[in-house]
Structures are given as C-alpha cells and as structure tokens.
Amino acid sequence: MAAIAAEPTLVKKNYLTALREALIEEMRRNDQMICQGEDIGMLGGAFGVTEGLLDEFGSTRVIDAPIAEAAIIGTAVGMALNGKTVMAEMQFIDFISCGFDQIVNMMATYHYRTAGEVNLPVVVRGPAGGYGGGALYHSQMNEAWFCHSPGLRVVVPSTPYDAKGLLKAALRDGNPCIFFEIKELYRKNEIAEVIPDEDYIVPLGQAVIRKEGTDITFVSYGQSVYHCMSAAAELEKLGVSAEVIDIRTLVPLDEETIYKSLSKTNRVVVVNEAPMTCGFAGEIVARIANNAFNLLDAPPARVTRLDTPVPWVKPLELHVLPSVEKIVRVALQTAKY
Amino acid sequence: MAAIAAEPTLVKKNYLTALREALIEEMRRNDQMICQGEDIGMLGGAFGVTEGLLDEFGSTRVIDAPIAEAAIIGTAVGMALNGKTVMAEMQFIDFISCGFDQIVNMMATYHYRTAGEVNLPVVVRGPAGGYGGGALYHSQMNEAWFCHSPGLRVVVPSTPYDAKGLLKAALRDGNPCIFFEIKELYRKNEIAEVIPDEDYIVPLGQAVIRKEGTDITFVSYGQSVYHCMSAAAELEKLGVSAEVIDIRTLVPLDEETIYKSLSKTNRVVVVNEAPMTCGFAGEIVARIANNAFNLLDAPPARVTRLDTPVPWVKPLELHVLPSVEKIVRVALQTAKY
Amino acid sequence: MSVIPTTGTAAFEPLAEIAESTNDSRPSQLLTKEDCLEIFNQLYLARYFDIRLIKEKKRGRLRGTLYSSHNQEAILVGALFGLKATDWISPIHRDMPAFFLKDSKFQWDDPTRSGMSIEEVCAQVWGKVDSPGRARDNWSHIGSKSKRIIHSTSMLAGTIPVAAGVVYADRMNGGDAVVLTFNGEGSTAQGIFHEAVNFAAVHKLPVVTIVENNQWAYGTPVHMGCPTPDVADRAHGYGIPGLVADGQDVFDVYDKVMAAVEHARSGKGPSIVECKTFRAYGHGDHDDDRAMKYRPSEEIEKGRTRDPIAICRESLIERGFLSGAEAEQYIAERKSASEATNDDFPPVVVEYLNRGIEFALNSPLPNAEEGAMWVFKENA
Amino acid sequence: MSVIPTTGTAAFEPLAEIAESTNDSRPSQLLTKEDCLEIFNQLYLARYFDIRLIKEKKRGRLRGTLYSSHNQEAILVGALFGLKATDWISPIHRDMPAFFLKDSKFQWDDPTRSGMSIEEVCAQVWGKVDSPGRARDNWSHIGSKSKRIIHSTSMLAGTIPVAAGVVYADRMNGGDAVVLTFNGEGSTAQGIFHEAVNFAAVHKLPVVTIVENNQWAYGTPVHMGCPTPDVADRAHGYGIPGLVADGQDVFDVYDKVMAAVEHARSGKGPSIVECKTFRAYGHGDHDDDRAMKYRPSEEIEKGRTRDPIAICRESLIERGFLSGAEAEQYIAERKSASEATNDDFPPVVVEYLNRGIEFALNSPLPNAEEGAMWVFKENA
Ligand SMILES: Cc1ncc(C[n+]2csc(CCOP(=O)(O)OP(=O)(O)O)c2C)c(N)n1
Ligand SMILES: Cc1ncc(C[n+]2csc(CCOP(=O)(O)OP(=O)(O)O)c2C)c(N)n1
Ligand SMILES: [Mg+2]
Ligand SMILES: [Mg+2]
C-alpha cells in the first residue's frame with residue numbers, strides 16, 4: 001500500500017479545547033511549568049479547561065489548591081521566583097478580588113522592585129464575562145483594575161485560535177499576566193475553528209481587524225467583538241460600513257492599528273462589558289482623544305455596561321450590558337454627527 | 001464688666017485638624033457611630049487623625065482593630081447593616097488592597113443586591129498619595145479601582161475646609177465611601193485656613209473653581225490641584241490664563257462645572273497622580289471627548305503618573321509623578337494647538 | 001448518641017465547660033414531643049424542597065445552579081431550631097431551606113410569623129420581583145435585614161466578618177443576639193475566615209461558625225484543603241471551643257449548636273461547630289455526572305447510608321413520640337429526587353411548598369429598568 | 001535554660017517528637033567555642049548596626065522610617081546561624097540585620113561568601129544605586145534572588161505564601177531548602193497568614209514561621225490582635241508544631257529554630273516558632289515620643305532588662321568560652337543609641353559597618369530615568 005502524506009486534521013475546535021491544548025502543549029514543552037487552582041486536578045476544572053492534566057503530569061505539577069485565592073497567587077509568585085512557570089486558575093475571574101493584594105502589590109511589582117533581577121512567568125487565568133445569567137459574582141469583567149496596576153499583561157482572547165496562541169505567548173512572555181477567558185465562548189459551536197497542529201503563538205500587543213470598513217471603527221475585545229460584528233452587519237444594511245478591531249491584548253495595547261483605522265473612518269465607537277467609569281473603553285477613548293484628535297470627525301463614543309453590578313435575571317442583565325441594538329444606535333449617532 | 005459678644009475663633013487649622021474635628025463632631029452628633037482601625041485608639045492613629053477619640057468615646061465605639069483590613073471592612077459592613085455608622089481607617093490607603101473583596105463585592109453592592117433594603121453608611125478613609133518618599137506601598141492613589149466599582153462614593157479633599165465638610169457629608173450620606181486623605185497635606189502650614197465653628201458640610205458631587213481663567217482649563221483633585229495652581233501661576237507669566245477646577249468628589253462627578261469652564265476655554269488638561277492607564281484622569285478625558293467634543297479646540301490632554309509603581313528615592317519618584325514643569329509643558333502645547 | 005461534646009483532639013481545654021452537661025440534661029432531651037415532631041416535619045420539608053427544586057430544574061423551569069442540601073438537612077434544622085427571632089444567620093449556597101426554616105417553628109401557616117415566607121423564598125428561586133431582593137442577585141444570595149438573614153456574596157466565608165459586625169452592633173445596643181454563620185469545610189481555608197474568627201475571638205463576640213463538612217469542596221477532598229483531623233480543630237488556633245457534631249443526627253446538631261449558642265449568648269465568645277456529613281450529589285446539578293470521576297459511586301452510596309430523616313425517625317420511636325404506624329406513614333429517606341414522589345411526604349409539607357411555588361409562578365419578572373436602580377441610596 | 005520545647009499549652013501533640021531532645025543534646029550545646037564567639041560578635045554587629053543607623057538618622061543623613069531591631073537581635077542571629085546557604089529567608093521591616101547576617105558565618109571579610117554584603121545593605125539603606133534593587137523600593141524591602149532572600153512588600157505577612165511557593169519549587173527540584181519567614185505577632189491576624197500556613201501544612205512544606213512577639217503591633221498590644229495565650233497557639237489550628245522560644249536568649253532561639261528546621265527539612269512540614277521579646281523603642285523612630293502615651297516608661301524599662309547581649313555573655317562565661325577579662329572588654333548592652341559609643345563594640349564590628357557605610361556614601365543615586373524602567377521584562 002502506498003504511503004499517504006499526513007493531512008492536517010481539519011476538525012474544528014472550540015475555544016475551551018484550544019485553551020486546554022495550549023496548557024497541555026506548554027506543560028509538555030516546559031517541564032518547569034506548574035498548574036494550580038481550585039479543583040483543577042481530579043475534577044479537571046469547573047469548566048474542564050484542565051481536563052486530563054493531572055493524569056498526564058501528576059499531582060506535583062498539577063495542584064488542587066485549597067479555596068484560598070491569595071495563597072494560590074502568592075505561592076505561584078514564590079514558585080516563579082524559584083524558577084518555575086505557573087498557571088494559576090481562578091475558578092471564576094470574579095474571585096480574583098480575594099487575591100487582589102498579592103497580584104497588584106506582590107506580583108505586578110516584583111520585576112520593578114528588583115530592577116529586573118526577578119521576573120515572574122505567572123499567568124492567572126479564569127472564566128469571565130456576562131450574558132450568562134451569572135449575576136454579580138459570576139459575570140465580571142474586571143480587567144481595568146489590572147490595566148491600572150503597572151507590571152501586568154492583560155489579555156482577552158475572543159477566538160479559539162487566539163485563545164491558544166495568546167495563552168502560549170502569555171506563558172512564555174516572562175511577565176505576570178491576567179488572562180480573561182470568556183466563558184460564554186467556551187463551548188460556542190458557532191465560533192469553533194480549525195487551528196494549526198504545529199506550535200504557534202499569537203504575539204502579545206497585536207490587534208487584529210475582524211472586518212474591514214470605511215465609515216466607522218469599532219474597537220473592542222472579548223464578547224463585545226461579536227456584538228460589534230453583529231452591529232456592523234446591521235449597519236451594512238443601513239449603508240454604513242463599519243470596521244471592527246479586536247485589540248486582543250489590553251496591556252500592551254496596539255494603538256497603531258486603531259489610529260490607522262481612524263485615519264480612514266474618522267469615527268470610533270469603543271465597546272466593552274465593564275462598568276463605564278475608569279474602564280478600558282474609556283482608556284481607549286482617552287488615548288484616541290489625546291493622540292489622534294485631528295483624526296476625529298465625531299465624538300469618540302463608548303458603549304459599556306452601565307455603572308452597575310451585573311444583575312441576575314435576564315431583563316435586568318440585558319438592560320445594563322451592551323447590546324447590538326445599543327451599539328447600532330450609538331454608531332448611527334456617531335456616523336451622522 | 002460688660003458682656004462681650006462671642007467672636008468666632010480665627011485660628012487657622014490644618015488639614016489633619018479639620019479631619020479630626022469632623023470625626024469628633026460626628027461622633028458627638030451621632031451616638032450610633034463607631035470608629036475602627038489599626039492603632040486608632042490608644043495611639044490616636046498613625047498620623048493622629050483619631051487623637052482623643054478613645055478617651056472621649058470609649059473602647060466600644062473606638063476600636064483598636066487587629067491587623068486585618070478585610071475584617072475591618074467586613075465587620076464595618078455588619079455594624080452598618082445593624083444600624084451603625086462606621087468610619088474604618090486604613091493605616092495607609094495602600095493597604096486597602098488587603099480588604100479589596102469586602103469592599104468591591106460585599107460593601108459596594110449591598111444596596112443594589114437588596115433593592116434598597118440595606119444601605120451602608122461606612123466611610124473607609126486613609127492617608128494617600130506620593131511625593132513623600134513613601135515608595136511603592138506608602139504612596140498610592142488607587143481611587144480608580146473604586147470608581148470602577150459601582151456603588152461607592154469616592155472623595156478626595158484638597159483643603160482643610162473641604163476635608164472637614166466632605167468627611168461629614170460622607171458620613172451622613174448613607175452610602176459607602178472611600179475617602180482619600182492626602183498625607184502630604186496633613187500638616188502643611190501653607191494650606192491651613194480658618195474654618196467655621198458651626199456645623200457645615202460640603203455636599204458630595206460639587207466641584208469648585210480654585211482659580212478663574214480664560215485660556216485653558218485644568219481639572220484635578222488632591223495634591224495635583226496645588227501643582228495646577230503653581231502651573232497656572234507660571235503660565236500667567238507666559239500670558240496664558242488657566243482656570244483650575246478641583247473636582248473634590250470623583251463619584252459622583254460634577255461634570256457641569258467642567259463643561260461650563262470648557263465652553264469658555266475650549267482647552268483642557270486633566271492632572272492626577274495615579275498611573276495613566278484606566279485612571280480617573282482618563283475617565284474625565286473620555287467624558288469630555290464623549291460629551292463636550294464640540295467645545296474642544298485642542299486634544300484634551302492628561303498629565304498623570306507614568307504607568308509605573310511609585311519608586312522610593314527622590315529623583316526616581318519625581319520622574320514618574322506629575323510635576324509643575326510637566327503640567328506647564330503640556331498646557332503650553334495644548335494652548336498653542 | 002454521643003456525649004457532648006466530641007472533638008478530634010479531645011484534650012482541648014475551653015471545651016471543658018460545655019462538656020459539663022450530662023446525657024440527660026442534653027438540650028434535645030428537654031424538647032417536647034410537639035417540638036420533636038416539628039423537627040421531623042422540618043426535615044421532610046427541607047428534603048422535599050430540595051427534591052422538588054431538582055425536579056423543577058430538570059424540567060427546565062429554573063435557571064441558575066442548584067446546590068443540593070439533600071442529606072445535609074439535619075444541620076440546617078438542628079442548628080436553627082433553638083434560635084430566637086432576634087438571632088441572626090448567614091446561610092450560603094447549599095443552605096436554601098435555612099431561609100424559610102429560621103423562625104418558622106409551629107408557624108408555617110401564620111403570615112404574621114417573624115421568619116421569611118416560603119412565598120418570598122420561591123419568588124427568589126424563580127427569579128421574580130416579589131423576592132426580597134427583587135431577584136437582583138441569584139438564588140442563595142437572598143436575605144433580609146428585617147428577618148435578620150445576612151445576604152451572602154459568592155465569595156466563600158465572606159459573610160463571617162459581616163456576621164461579627166452585626167452582633168458587635170447588637171451587643172452595643174444591649175441586645176443578646178447570637179449569629180450562626182454557615183460555611184462549607186472547604187471555605188475555612190479562606191483568609192477572611194481567619195480574620196473574622198480572630199476578630200470575634202478577640203472581642204468575645206457571639207458568633208457561632210457552623211462548618212458543614214460534607215467531605216468535598218467541589219472536586220477537592222477535605223484533606224487537601226484542611227491539614228487537621230477535624231475541621232473544628234481550627235478553633236484551637238483561636239482558643240475557642242471547636243465542637244464536632246454528627247451532621248446526620250438532627251438532635252446531636254441541636255445539642256452542639258445549642259451549647260455553642262449558650263456559650264455565645266452568655267458572653268463567652270465564639271466557637272466552631274463542625275457537622276460531619278456527606279454531599280449526596282455532585283457539587284451542583286451541573287456536576288452530577290462529572291462527580292463520578294472524582295468520587296466513586298460506592299463512596300457516594302456509603303455516604304448516603306445514614307439518612308438524617310431515618311435517624312430522626314429512630315430517635316422519635318425510641319422516645320415514644322412516634323408509634324409504629326405513624327412512623328411508617330411517609331418514607332422519603334434514601335429515595336433520590338427521581339424516585340421520591342409527593343406521597344413520600346406529609347401533606348402539610350407538600351401543600352406548604354406548593355403555595356410558595358404557585359406564588360412564585362404568578363409573580364412577574366422585574367422590569368428591565370430596575371437593572372439600573374439602587375446603585376446608590378438617593379438622598380433627597 | 002528551659003527544656004526544648006516549651007509552649008503555652010503544653011499538651012499539644014505534634015510537639016512531642018521535637019521535645020525528645022534532652023538538655024544535653026540541645027543543638028546549641030553542640031556549638032563550638034568558635035561558633036559561640038561568632039554568635040556573640042553577631043549580636044554586637046546587629047546592635048551596632050541599629051544604633052549606628054539611629055545616630056545617622058538623627059543626624060539627618062537617612063530618609064525613611066527606622067524600625068529598630070534593638071533588643072530583638074537574638075532572634076535574628078539565633079534563627080539564622082544554623083541555616084544552609086541553600087535555605088531561604090524572608091525578613092521584614094524590623095529585621096534589617098538579617099540581610100547581612102544570613103550566610104555570613106566566619107566570612108565577614110570574605111568577598112566570595114554567599115551572603116549579601118554589608119556594602120549592598122548599606123547602599124540600600126542610603127538609597128543608592130549599588131543596592132541590589134537599585135533603591136527602587138525602601139530600606140527593608142531589599143532582597144536577592146541569588147542570595148535567597150525574598151523581597152517583602154509592606155503588606156504584612158504577604159511574604160509567607162511566596163516563601164511557601166519557593167520551597168515547593170525547591171522540593172520539586174529535589175532540593176532540601178527550608179525557608180524562614182519572619183513576622184511580627186500583630187501580622188499573624190492577616191488573612192494571608194492563614195492561607196499560606198494552611199497551604200504549607202497541607203503540602204507539608206518546609207516553612208518555618210518565626211513570630212517575633214515584641215508585645216506590641218505599633219500602638220496595639222498583643223492581646224487585642226491575638227486571642228490565645230501564646231501566638232504560637234495559632235499553630236494548633238493547622239496541626240503543626242508551635243514552639244515558644246525566649247527571644248532574649250540567642251541559644252534558646254537557635255535550639256527551637258533548629259528543631260523546627262530539622263522537622264521541616266526531614267519532610268515533616270511547617271511550624272511556628274514564637275520568640276518572646278520586647279520592643280525597645282517606639283514602633284519606628286517617628287514614634288519614639290508618642291510611644292510613651294500607650295506604653296508607660298516603666299514598662300519599657302522593665303522590658304529592656306533582659307538584654308540579649310548580656311544573656312549571651314553569661315552563657316559564654318558559664319561554658320568557659322569567655323574569661324572574666326575578655327567578658328568585660330566591650331559592654332554595649334543596656335546602653336541606648338545615644339549612650340553607646342564605638343568603644344562599646346569590638347573593633348571588627350565597627351570596621352565592618354564603617355566599610356559598608358563608606359561604600360554607600362560613595363555610591364551615586366540612581367538616574368531619574370530609572371524610575372520608568374523595568375516595569376516589564378523586555379523580550380527581544
Ligand atoms: C472565594 C471563592 N472561591 C471559589 C469559589 C468557587 N466555589 C464555589 S462553591 C466551592 C466549593 C465549596 O466547598 P465547601 O466550602 O466545602 O462547601 P460545599 O459546596 O461543599 O457545601 C467553590 C470552590 C467561590 N464561590 N468563592
Ligand atoms: C497589611 C498591612 N496593614 C497595616 C500595615 C501598617 N503597619 C506596619 S507595621 C505595623 C505593626 C506591625 O506589628 P507586628 O506585626 O507586631 O510587627 P512589629 O512592628 O511589632 O515588629 C502596622 C500596623 C502594614 N504594613 N500592612
Ligand atoms: Mg464541602
Ligand atoms: Mg510586634
């Protein structure tokens with residue numbers, strides 16, 4: 001029988017599988033890597049992102065931690081200080097508040113305090129975001145707290161390809177990183193995609209244009225990217241051509257891609273799920289206003305969560321979170337300005 | 001001997017004394033009020049803001065707490081839930097990170113979660129700010145984290161009069177409040193002033209114009225107000241007339257005063273001490289860009305801390321924090337735009 | 001029944017005074033027949049509430065995760081039964097029945113009773129506007145200031161400092177309220193547990209921390225989160241009593257909690273009461289299948305053998321409070337949610353819950369605009 | 001000298017095995033004369049460093065707060081003396097001498113020794129560029145990865161989880177390193193203390209938590225932060241040994257810490273060693289006057305009576321390691337910073353520190369631009 005050349009597998013993979021593969025491949029590649037978090041071993045994680053890790057890598061490298069977020073982060077810092085690469089899972093990113101001091105004061109500043117002697121390859125990752133009826137404590141997008149704490153990378157992938165490539169990049173970057181996974185995307189079939197079998201990374205700090213357009217620019221990340229895509233489709237029908245930028249990493253931020261788009265469209269709407277005040281949408285608006293003022297033909301707008309917690313029942317939740325409808329409305333105002 | 005009409009005392013009081021008086025007067029006025037914090041009783045507080053309270057009000061109402069910020073805040077929530085008004089001191093505002101979860105998830109949201117059944121008159125206050133050589137953990141201005149957590153008032157007084165009036169207002173407001181005291185101002189003689197003997201408050205949510213001007217608007221709060229005043233004086237010599245707005249409360253924010261000033265000057269520089277990214281300076285810039293775009297003749301600029309921690313030794317500290325010189329430079333660019 | 005109190009490390013000093021009570025003066029021995037039958041019915045009610053919710057959830061009529069209290073009912077019923085209406089509690093995710101059990105004694109049908117009504121609790125479960133919090137936060141985060149039930153966040157152990165603050169304020173007012181705060185054994189690893197219990201111990205506050213040790217914290221067994229033989233041993237670090245109760249025996253729970261409550265109410269300070277039990281299902285209903293992976297089914301079956309309803313039934317027969325015929329009337333124990341039917345429960349229980357559910361179904365959803373309301377108290 | 005170990009609640013079980021050692025086989029009894037004289041000199045050095053800094057500060061030559069280690073030197077010297085160079089430590093604000101004492105045995109003048117040099121430490125104190133962290137964070141937050149000294153933040157007890165992580169990694173590499181983490185008694189109320197010690201106990205990590213109980217946390221006495229008779233009792237909540245040492249007696253500290261280190265190194269897990277001592281001055285130099293308000297001067301005088309240098313001197317005389325004449329040569333004990341002169345200390349000590357200070361004075365300030373550097377590791 002004649003040998004058949006190996007064909008790349010063309011199976012589509014979801015966002016969660018992509019993340020899981022990233023962890024497994026990095027654990028194989030780097031025997032100095034440790035994973036720890038609540039229920040990540042025997043259970044395989046609340047959502048299954050760490051499924052199979054304990055079996056393959058054993059309980060020294062895959063730690064079922066006590067319910068103690070501050071210790072999970074603090075011990076990760078110690079392991080990294082002593083040469084390890086650590087993935088620390090928050091069961092929900094909302095619980096990161098319980099380990100807040102260790103992140104912003106201990107971990108984020110270690111490289112700075114030691115004038116570079118110490119660097120900490122620690123990725124703190126966990127499921128984030130609203131629209132799932134998770135209520136106040138299972139819906140947060142609290143990335144702004146960390147963007148405001150110098151020394152942390154902040155990453156929010158929106159596709160399986162990016163999820164895998166960015167998680168690998170974050171684990172290899174050598175700086176501490178807060179990695180926001182969008183739990184509503186974990187098993188969403190519509191966004192499953194074929195991803196390369198070969199090792200690849202998506203470099204931190206590179207935005208991507210999800211859809212080209214000429215009249216208005218949407219800047220967003222995470223779930224909001226899909227809302228922007230839907231809004232762009234609506235707008236297309238109304239004769240407005242929207243460009244959609246997915247920034248992917250918030251720190252570092254690829255401003256060039258934004259300004260380049262703006263030099264074409266001269267109008268921008270920034271969309272994210274976090275509360276408005278001091279959120280990252282405001283930061284992008286501020287940078288645009290500071291640095292690209294002369295490119296603007298209309299006020300740089302933002303569509304964000306209202307300044308409220310995320311309430312539980314559906315009508316309330318949808319009322320406070322951004323919707324395609326709201327985005328379209330603001331985009332039309334901006335386009336007509 | 002003929003009776004002499006009582007004259008108001010004309011003694012100037014410093015920022016710290018004003019705060020101490022506010023606490024003493026509120027404790028007298030409201031026998032349901034409790035003060036708690038590390039070393040606030042027998043010692044009278046690390047800086048002396050609570051000097052004399054233990055003697056006058058006793059150890060049930062003035063609690064020397066264990067070194068446990070999360071418990072200090074969490075127990076304050078419980079006391080307030082059961083009818084008390086609570087002042088909770090952080091020895092330095094930097095340590096608030098250790099009680100972060102109790103603030104953002106328990107305290108900030110209680111009114112919301114209970115549809116108004118519960119409201120928590122808790123003021124968490126503490127010394128904040130840089131320029132004193134306090135290094136990374138005794139220099140923070142981390143107000144943005146709390147502005148980004150819906151349900152919290154955020155207040156930063158810059159004068160003795162405001163310190164007293166705003167602290168009283170915050171204690172009576174009925175909502176949880178994070179109250180930033182500028183420790184470099186505590187005993188600064190230059191800003192001591194005569195304050196009324198009668199009870200008064202400074203309502204939350206009202207900005208004040210510290211200096212009128214016609215060419216450019218400075219928006220700031222806390223220590224930065226003084227830097228803006230000095231910058232304005234420099235600019236005056238160069239023929240640029242700057243208006244200086246002290247917003248005093250960040251949440252709620254008095255936007256009207258800002259827009260009114262802008263409709264005159266059409267140029268704005270926002271100044272604060274926090275790291276740039278996702279700080280409150282950016283929020284003000286974003287709101288101006290969103291809501292007052294047509295008033296702007298130049299990019300709305302900001303002068304903030306660089307995106308770094310606050311380093312220890314003087315040359316480094318001054319390099320990363322805003323200075324009068326930097327403000328003047330940016331103002332001139334903005335004025336000439 | 002075991003003597004009060006038992007602890008893992010028996011020699012710990014502060015327990016001594018609680019241990020003074022003899023077998024016969026145990027609080028549970030002083031309960032009347034009426035009390036005991038009420039307790040029996042409350043166990044049925046807690047069980048019925050749980051299996052009914054499981055059924056409703058399976059039918060797709062409920063949103064959110066259901067953390068079953070099946071097999072842990074004796075802890076809730078036994079701990080709450082002896083409280084005063086002026087006492088406070090802070091239940092968490094696995095304690096839904098606590099909301100209507102507090103202050104419900106002999107008053108299930110009395111609308112003026114001090115406890116939270118079944119209607120309010122069901123309105124919360126169904127996410128309707130007539131819930132006390134207007135369904136703004138999910139299921140188990142319900143509470144009520146007027147009913148003295150502290151609203152939890154999701155952050156485990158986070159209510160303990162709040163509970164400590166509540167009784168600090170009460171004591172300042174001259175009150176004698178005690179607070180029971182409920183927590184899983186896994187949650188005792190949280191830093192806030194330490195800070196709060198330490199604060200309570202320093203101030204000798206009447207805070208009784210109930211630890212429901214169901215052996216598992218989601219997919220993590222107790223020994224991976226707690227290094228001591230008993231979780232109650234954590235008490236030794238604070239110089240306070242750490243009691244261990246048989247969480248399957250409602251009267252043992254009652255005895256130990258009442259001892260702790262008495263200790264607290266008389267000004268002697270906080271304590272920890274660990275109730276040993278076993279989680280009947282997965283962590284939440286989403287986990288029922290996966291749970292088999294980390295917890296072999298034999299272990300689950302073994303864990304379920306000591307059903308709190310059966311154990312209570314035996315006690316009542318022993319004390320002559322139930323005749324043979326009465327005892328055989330309703331047998332809910334050892335039946336899973338899919339096996340049990342309404343006939344396995346006393347009609348008063350079924351009717352009570354039906355009333356709540358009907359109310360909930362008729363209650364509307366809150367208006368969308370409410371999502372933006374009550375961020376701040378508005379001051380006129 | 002007391003038998004090893006003493007604890008407040010003597011009956012606690014896990015201590016038993018450590019307690020096996022008899023008076024004569026105490027680790028300190030096995031120290032050579034050379035060792036003992038070195039220890040004596042180290043006490044002088046620690047004391048001299050402190051009083052010299054107080055003088056420099058008073059002269060206005062130093063910025064930042066000075067948290068005096070006066071009267072607490074025996075804890076640092078005794079705890080560090082028996083460590084291996086591969087062991088780690090995490091000192092905090094009151095432990096400045098620890099930075100140069102670790103790994104300095106018999107090697108004060110050897111530039112190739114493994115410890116941190118006095119030059120580096122002084123450069124840090126003076127805020128100069130030749131400090132290991134280029135003076136970016138203040139005094140006591142110095143550290144060194146290569147010298148195995150963990151850099152603290154200001155947030156008390158915050159280094160304990162880091163310490164636990166460090167030895168977790170070391171064990172994974174097949175190492176046998178132990179970590180000593182230093183904390184004041186007040187800091188043990190922090191949640192992170194609990195989370196970290198709990199983690200270490202679950203994983204049986206070689207983490208020895210030294211509690212320097214100087215009776216005061218700033219202006220708060222120990223009983224207002226800790227509800228147990230001994231702070232070491234906190235160990236009971238984790239099922240780990242809690243030892244109490246006489247913090248004024250360098251050999252008792254050495255014995256207890258070595259017992260804990262041995263326990264840790266042999267895989268038996270963490271422990272807490274409380275060293276009872278007394279803060280000689282105010283909390284920091286800014287507090288010296290105010291301290292009189294909350295701490296009457298008689299209390300301070302009484303607290304200072306048991307000077308660690310004097311106690312060590314007595315032991316050495318007893319063991320015949322010091323003759324009468326030698327013993328009288330330098331008398332630094334009981335002298336305050338303003339009373340003591342260079343003549344009260346062995347010249348080797350004075351010279352050593354002089355060298356460090358001279359280096360520091362000649363080291364430049366870092367350039368302003370460095371303030372913006374090293375926020376992130378740059379990847380080429
Ligand atoms: C601070 C925090 N971390 C993690 C979680 C996620 N979580 C919810 S329940 C649970 C397990 C709790 O175990 P245990 O305390 O034993 O209570 P049980 O569910 O067994 O009743 C976890 C880890 C959380 N809710 N809060
Ligand atoms: C988390 C935190 N809260 C508060 C402080 C402020 N603070 C610095 S030292 C100190 C007292 C510490 O007492 P103790 O732990 O007994 O150590 P000691 O100073 O007595 O050596 C306090 C409250 C801090 N540094 N970190
Ligand atoms: Mg459990
Ligand atoms: Mg102390």
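Numbered from 1 within each chain, the chains take letters A, B, ... in sequence-line order.
Checked against side chain to side chain contact (heavy atoms under 4.5 Å, CB included), A/Pro66 has the following partners two or more places apart in sequence or in another chain: C/Ala189, D/Asn198, D/Phe199. The side chain to side chain contact (heavy atoms under 4.5 Å, CB included) check on A/Ala71 picks up A/Ala68, D/Glu195, with sequence neighbours excluded. For the side chain to side chain contact (heavy atoms under 4.5 Å, CB included) test, residues two or more places apart in sequence or in another chain that qualify with A/Ala231 are A/Phe218, A/Val324, A/Ile327, A/Val328.
Between chain B and the residues A/Ala135, A/Cys147, A/Pro309, the largest count of heavy-atom pairs under 4.5 Å involves A/Pro309. Interface summary for chain A: among B/Gly282, B/Pro311, B/Ala274, B/Gly99, the most heavy-atom pairs under 4.5 angstrom belong to B/Pro311. Chain B forms the most heavy-atom pairs under 4.5 Å with one residue out of A/Ala70, A/Ala144, A/Pro150, A/Ala108, and that residue is A/Pro150. In terms of non-hydrogen atom pairs under 4.5 Å with chain A, the most contact-rich of B/Pro300, B/Cys278, B/Ala286 is B/Cys278.
In this structure, the portion of B/Ala298 lying under 4.5 Å from any heavy atom of chain A is its backbone and not its side chain. Of the atoms belonging to A/Ile288, not a single heavy atom falls under 4.5 Å from chain B. B/Ala301 touches chain A through its backbone: at least one of N, CA, C or O sits under 4.5 Å from a heavy atom, while the side chain does not. Neither the backbone nor the side chain of A/Ala292 has a heavy atom closer than 4.5 Å to any heavy atom of chain B.
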Between chain A and chain B, are any donor-acceptor pairs under 3.5 Å, and how far apart is each one to 0.1 Å?
from: A/Ser97; atom 1: OG; to: B/Asp101; atom 2: OD1; distance (Å): 3.0
from: A/Ser97; atom 1: OG; to: B/Asn105; atom 2: ND2; distance (Å): 2.9
from: A/Asp101; atom 1: OD1; to: B/Ser97; atom 2: OG; distance (Å): 3.0
from: A/Asn105; atom 1: O; to: B/Tyr137; atom 2: OH; distance (Å): 2.7
from: A/Asn105; atom 1: OD1; to: B/Gln140; atom 2: NE2; distance (Å): 3.0
from: A/Asn105; atom 1: ND2; to: B/Ser97; atom 2: OG; distance (Å): 2.9
from: A/Thr109; atom 1: OG1; to: B/Tyr137; atom 2: OH; distance (Å): 2.9
from: A/Arg113; atom 1: NE; to: B/Tyr137; atom 2: OH; distance (Å): 3.1
from: A/Tyr137; atom 1: OH; to: B/Asn105; atom 2: O; distance (Å): 2.7
from: A/Tyr137; atom 1: OH; to: B/Thr109; atom 2: OG1; distance (Å): 2.9
from: A/Tyr137; atom 1: OH; to: B/Arg113; atom 2: NE; distance (Å): 3.1
from: A/Gln140; atom 1: NE2; to: B/Asn105; atom 2: OD1; distance (Å): 3.0
from: A/Trp145; atom 1: O; to: B/Trp145; atom 2: NE1; distance (Å): 3.2
from: A/Trp145; atom 1: NE1; to: B/Trp145; atom 2: O; distance (Å): 3.2
from: A/His148; atom 1: ND1; to: B/Thr277; atom 2: O; distance (Å): 2.7
from: A/Thr277; atom 1: O; to: B/His148; atom 2: ND1; distance (Å): 2.7
from: A/Thr277; atom 1: OG1; to: B/Arg287; atom 2: NH2; distance (Å): 2.8
from: A/Cys278; atom 1: N; to: B/Glu283; atom 2: OE1; distance (Å): 2.8
from: A/Glu283; atom 1: OE1; to: B/Cys278; atom 2: N; distance (Å): 2.8
from: A/Glu283; atom 1: OE1; to: B/Arg302; atom 2: NH1; distance (Å): 3.1
from: A/Glu283; atom 1: OE2; to: B/Arg302; atom 2: NH2; distance (Å): 2.8
from: A/Arg287; atom 1: NH2; to: B/Thr277; atom 2: OG1; distance (Å): 2.8
from: A/Asn290; atom 1: OD1; to: B/Arg302; atom 2: NE; distance (Å): 3.0
from: A/Asn290; atom 1: ND2; to: B/Pro300; atom 2: O; distance (Å): 2.4
from: A/Pro300; atom 1: O; to: B/Asn290; atom 2: ND2; distance (Å): 2.4
from: A/Arg302; atom 1: NE; to: B/Asn290; atom 2: OD1; distance (Å): 3.0
from: A/Arg302; atom 1: NH1; to: B/Glu283; atom 2: OE1; distance (Å): 3.0
from: A/Arg302; atom 1: NH2; to: B/Glu283; atom 2: OE2; distance (Å): 2.8

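Between B/Leu296 and A/Phe293 the shortest side-chain heavy-atom distance falls below 4.5 Å.
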